[in-house]
Every structure is written in structure tokens, then in C-alpha cells.
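Index from 1, following the sequence. In this text, all values refer to a predicted model and were calculated from it rather than measured experimentally.
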Amino acid sequence: MRQLQGMDASFVALETRNSPMHIGSILIYNPETAPGGFVRFKDILNFFESRLQLSKTVRQRLVRVPFDLDYPYWIEDPDFDLEYHVRHIALPKPGDWRQLCIQAARIFSRPLDLERPPWEFTVVEGLDNIKGVAPGSYAMVTKVHHSAIDGMSGVDLLEAMHTLVPEEPAPNTPDAWEPEKVPNPVELLGRSYISAVTNPLKQMEVAAKAAPGLAKALKGLVAKEFDVSREMLAPKTRFNKPISSSRVVEGRSLPLADIKAIRALAPGCKVNDVFLTIVGGAMRKYLLAKDDLPKATLTAMAPISVRSKSEKGDMGNQVAAMVAPLGTHIEDPAERLAYVHDRTVNSKAMTDAVGARNMTEVSKVSPALYMSLGAQLYTRLGLANTIRPPFSTIVTNVPGPPIPIYSSGARLDSQMGLVCLTDGMGLGHVVQSYVDEATISFTACRELLPDPEFYVQCIEDSFEELRDLAQNGGGKPVKKAAAKKAAPKKTAKAKSPSVKKAAAKKAPAKKASTAKKAAPRKSAAKTVTPRKTAAKKAVAKRTAAKRKTATRTTSKPKVKPAAKKRAAKPKKK
């Protein structure tokens, strides 16, 4: 038996029907490298079975302590069944990319059975109408509970289930795996009592190790090695609400060379800064279209691996969190990239000062009961509607192998990551690299992001702006963007003759209406009592003269309205 660590246990505590805590990916394989150019489902089962000994987590299941008084334990599952975990389906015709994403979202939205080893791989055939995918290719939708792996240990699992050459033989070492007996509740409660006694000592030890880091952080803050600004506080958006059980997933594959070339727009910029800037630009475009963009910048939680070389084969989570502002308040892509780079350097300096490893160790000694109760109360009380989120979204960077890898002889052509969601965090991103491609994918609650096709287009547009900027030396795309911004003022359809005529007709009408409005103001401004009196006397004289002569004069049209009024009075008498 092996007990979970604090962060691993938190993912078990956060597990609900609407928030299944697993991560995964969509993998696409090309069988042209397999023997005979074809892979059967039986071949996949045999391949996985031959390599189970290379992963520590695939045959382990969770055992929870009664009343969650202590962290759960891992045991070797005595009822392990490979065919339960590896499944097989096919897409209906035409078998396009959107259908694959919909099917992956459905698979991913279903919680794992935590009374079995918490992972499932679903082989998906029928990819007949996906652009760029070779005929006969198949996909694999994977999901593994986050308590078992983080991003880096997920790479280790990926390596265990793949080979470096298509026909690499199975390991020749004997499989020494043995199942374990499931402990009874009394035994688990006894272990929890021992943990409760020793936990205060562990807390003191962790506090002693963390003290130098906190002192270093305070010293760095005073010396202005980094700053703590309001920009690190995330504004609330439509994604920071309670989530449903439904999911949408989408993503795009981009040339890794273009991502690296974009770094030249900001000195010292890293690949991760480029990814964050693309995500920031996409969120800006999406929220602008919804008229829901906050004035303050959105932020992302970017996990940082603290896994040492000696822990490379260990499962579980060895990560700390870094808050990265996304620059969504900045329109210019190059300025946004420079801003993101500057803020990530600041956040890394702060994290290094505190000690990322110390942050992880602190989570290991958090009381299990309080952690579980806190997670349940957060969900049941709907606190995501009232509490300001610590960050706007998640952007996790998972570097993949730089060379092709194979499974059951089939070459892995592409991969796209999937991430778990919680109340208050309805949108998450995974950025990955593999050989010469980079992928940006997202998982979202379907209620909070009902139009994934539009958001993935926002990701493409954000990337293309930065790519064009890098290719043209940083000047031309900015001019194009300025022209687009000025277009509404000039009216984009002004070149059309019909529109020109309509504009010509409208122009005099506007002037006329302006003149009519101005006239009353002018006469009102000149309405002074002495002038009115003089005008009345003049009209009275003209009227008397007309009555005497009973003839028409040339001045009659000028005083016609007044004359009628004067003439009407005697008739009434």
C-alpha cells in the first residue's frame, strides 16, 4: 500500500459528477508503419499487455479511508481486467474532425470508476474524412485520473505505452507484479489514527523548510526583484461559474517552427510565452465578440513541474502553480507578447523565491478531512458564483518527444491534450509539442462555451497575427490591423456605386434637417420684446392702409399670416 500525497488527494476530494478529475488526450495513429500496414484491436490489447510492467499506475486502484479521515491509498488491483480499460468504437460516416471531437467530449465527460484502476483508453476507428489524416488511421481517446499522474508523469506513461521503432520487441524481463488484498475499514481507520498523531510533526518540518523561502521572498519584494501587482488578480468572466457535466473539446495543430520564430518579437521570450500570448489573444477575440471583455487582463494558472530526475518514473503530481497575466487588455499582438514575457519573468522570480518545491510540500500535510469538506462545500454552496476566481483559465504546457514514437507498430502522427475542469474554472488549455508540430487544444463546459468552432477560430486568428508579424518584421501586420480598425469609419462598402449614391442622397437630407433645427434656435435667440413691438405696429399700419384702399399691395405675401389673423377678429365681432 502507498498513500497518496496532498495534491493527489485533493483531486480525489474534488471529484464530482460534474467535475470528473481526469486528464487525457486525443492521439492519432498512422498504421502504415505496422506489419502489413494494418492494426487490429487485438494487436493493441496484446501490445499493452506486454508492456504493463513498465508503468507503476496502470494496475493500481484507489482505496478511500472511511469518512475521508485520511488520504486514500494505492493498492495493486486484485481484479484487474485489461479489456475493461481498453475499449473500441467507430465514428459514423462521414467520420470528420468535428465528429471525433464530439465523441471525445462525450467520453471525457463520463467519470472514471474509482473502484478500478482509474484510466481508460478508447480506440476510435472511421476517421475517413479528416483533412491531413492518412487513410486507415485510427485515434485513441485517453483519460487518466489526475490523482495518478500530472503532465510530466503522463509523458512517462506515454513512453511506457510506446516504442522508438515500429517493431520493437516486448520487454524480456519477467513481470513480477502481484495483486494486493483490499484492506478493510478497521485497518484503514487504524492507519488514519497514526497519521493524525504524526501529521503535526510533519507540518512543523515542512514549515521549517519553507521559512527560508518565505524570508527570501520578502527580501526580494523589498529589493524589487519582483512585484506583486493587481494585474495578478483575475477579473470574473463567463467561464468562472459553476459547470455542467457536458464538455466540448477542440484544438489545432500548428508548425512548431512558427511558434519558435514568433519568439523574436520579444527579446528573451520563451515558447511558453508565445503559447500564453496566443491564448490571451484568442480569449480577447472571443469575449469581445460576446461584448464581455473585462478591462483588466485575464490570467492563467500555468503549472510548473518540480519533479526531480530521481522521481521520473513515479506517478502522482509534483507541480507548483504560477499565475501568468495574458495581456487581454492589449490589442497589439507584439505588445501583448512583450507584456506576457515581462509578467511571466516576474511570476517565475516570485515562485523561485518562495520555492516551488516548498509549495508542493505544504500541500502534502494539509488535513485530509478539511480538504475533503472544503471541496464539497465549495461545490454544494455554489461558491463559484460569488468568490472571485484565483485565475481566469488554465494553460498547461506538456512537451512531447522530439522524435516519432509508435504504438502497436503504428506511428503517432498527432496528439492533442485534454484537461479536467472544476466549478469556477470552465475553460482549460493544453499546449503540446511533438516532433515538428505544436498543438493548442481546449476543454470547456458546453454550457459556458457553446460554440467551440468559433473559439478555435479565435485561436487560429491569434496565432496568424503573431506569425505574420514575425514574418514581416513587426510592422506590416500592425498596419493591416490599423486599417481594419479604421474601416468602419470609412465604410467598407463605400467602393460600391450603389452605396455611394445612397450616401450622396443621405448627405443633403442631413444638412436640411440640420438647417431646420438651427432655424428655430436662431429666431428664438432674436426674440426680444422691443423688436416684437415694432413689428406689430408696422403690421397694424399696413393693415389699416389696406382697409382704406381695399386694394392689394406687393407687400401682402409678406404679411399674409398676420393679415388673416387681424381680419378674422372683426368677423367674430
Side-chain angles (χ1 to χ4, degrees), residues 24-59 82-83 85-88 100 119-125 127 130 132-144 149 151-177 253-257 260 305 307 309-315 397-418 430-439:
S25 56
I26 300 175
L27 310 172
I28 297 180
Y29 294 93
N30 187 346
E32 66 180 10
T33 56
F38 181 75
V39 176
R40 298 178 300 170
F41 180 66
K42 186 178 179 179
D43 297 331
I44 296 172
L45 286 175
N46 292 336
F47 178 80
F48 283 168
E49 188 172 15
S50 69
R51 303 179 67 82
L52 289 176
Q53 59 180 299
L54 300 178
S55 174
K56 293 182 179 180
T57 191
V58 293
R59 290 181 286 196
L82 179 62
E83 292 193 32
H85 299 276
V86 184
R87 304 173 180 192
H88 186 201
L100 177 60
W119 64 275
E120 290 176 10
F121 290 178
T122 304
V123 178
V124 185
E125 290 189 286
L127 315 183
I130 299 179
V133 174
S137 296
Y138 63 91
M140 192 178 296
V141 180
T142 71
K143 56 181 185 179
V144 185
I149 62 171
M152 294 307 297
S153 59
V155 173
D156 294 338
L157 179 62
L158 192 71
E159 291 176 355
M161 295 303 176
H162 291 80
T163 59
L164 297 178
V165 293
E167 299 184 24
E168 183 175 316
N172 55 9
T173 55
D175 188 357
W177 177 80
S253 175
L254 311 170
L256 184 59
K260 292 180 178 180
S305 177
R307 187 178 299 274
K309 292 182 179 179
S310 62
E311 297 170 322
K312 187 176 186 292
D314 293 344
M315 295 296 103
N397 187 354
V398 183
I403 57 174
I405 56 177
Y406 305 83
S407 179
S408 306
R411 183 180 66 243
L412 176 63
D413 275 358
S414 184
Q415 60 178 343
M416 190 177 85
L418 308 174
V430 179
V431 294
Q432 288 184 302
S433 59
Y434 171 62
V435 191
D436 57 355
E437 81 160 357
T439 56

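- Note: R87 CZ to T122 OG1 = 6.0 Å, rounded to the nearest 0.5 Å.
- A ring-centre distance under 6.0 Å is not found for H88 and Y138.
- Pairing each heavy atom of V39 with each of A34, the nearest pair is CG2-CB, 3.6 Å.
- The backbone N or O of G409 lies less than 3.5 Å from a partner atom in the side chain of T33, making a donor-acceptor pair.
- Under 3.5 Å, the side chains of Q415 and S25 contain no donor-acceptor pair of N or O atoms.
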For this session: Give the C-alpha distance, both sets of side-chain angles, the deciding distance and a yes or no for side chain to side chain contact (heavy atoms under 4.5 Å, CB included) between I405 and L164.
Result: CA-CA 5 Å; I405 56 177; L164 297 178; 4.2 Å; yes
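- A side-chain donor-acceptor contact under 3.5 Å links R51 to the backbone of A160.
- In this structure, the separation between CG on N46 and OG on S408 is 8.5 Å, given to the nearest 0.5 Å.
- Here the side chains of W177 and L52 are not in contact, with every heavy-atom distance at 4.5 Å or above.
- In this structure, D43 CG and F48 CZ are separated by 11.5 Å, a value rounded to the nearest 0.5 Å.
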For this session: Show your working on side chain to side chain contact (heavy atoms under 4.5 Å, CB included) between V123 and F41 and close with a plain yes or no.
Result: CA-CA 8 Å; V123 178; F41 180 66; 4.1 Å; yes
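- If you take CD1 on I28 and CE on M140, they are separated by 12.0 Å, rounding to the nearest 0.5 Å.
- Summarising the geometry, atom OG belonging to S414 is positioned 3.5 Å from atom CD belonging to E437; distances are rounded to the nearest 0.5 Å.
- Nearest heavy atoms, S55 versus V58: OG-CG1, 3.5 Å.
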Problem set entry | Stepwise side chain to side chain contact (heavy atoms under 4.5 Å, CB included) check, N30 with Y406 | CA-CA 9 Å; N30 187 346; Y406 305 83; over 6 Å; no
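- Remark: side-chain polar atoms of R411 are not paired, donor with acceptor, to backbone N or O of E32 under 3.5 angstrom.
- Using modelled atom types, one side-chain atom of Y434 and one backbone atom of L412 make a donor-acceptor pair closer than 3.5 Å.
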For this session: Report the C-alpha separation of L45 and E83 in whole Å, then their side-chain angles, then the decisive distance to 0.1 Å, and conclude whether the side chain to side chain contact (heavy atoms under 4.5 Å, CB included) test is met.
Result: CA-CA 7 Å; L45 286 175; E83 292 193 32; 4.0 Å; yes
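- Here the straight-line distance linking atom OG1 of T173 with atom CD of Q53 works out to 4.0 Å at 0.5 Å rounding.
- Between D413 and V133 the shortest side-chain heavy-atom distance does not fall below 4.5 Å.
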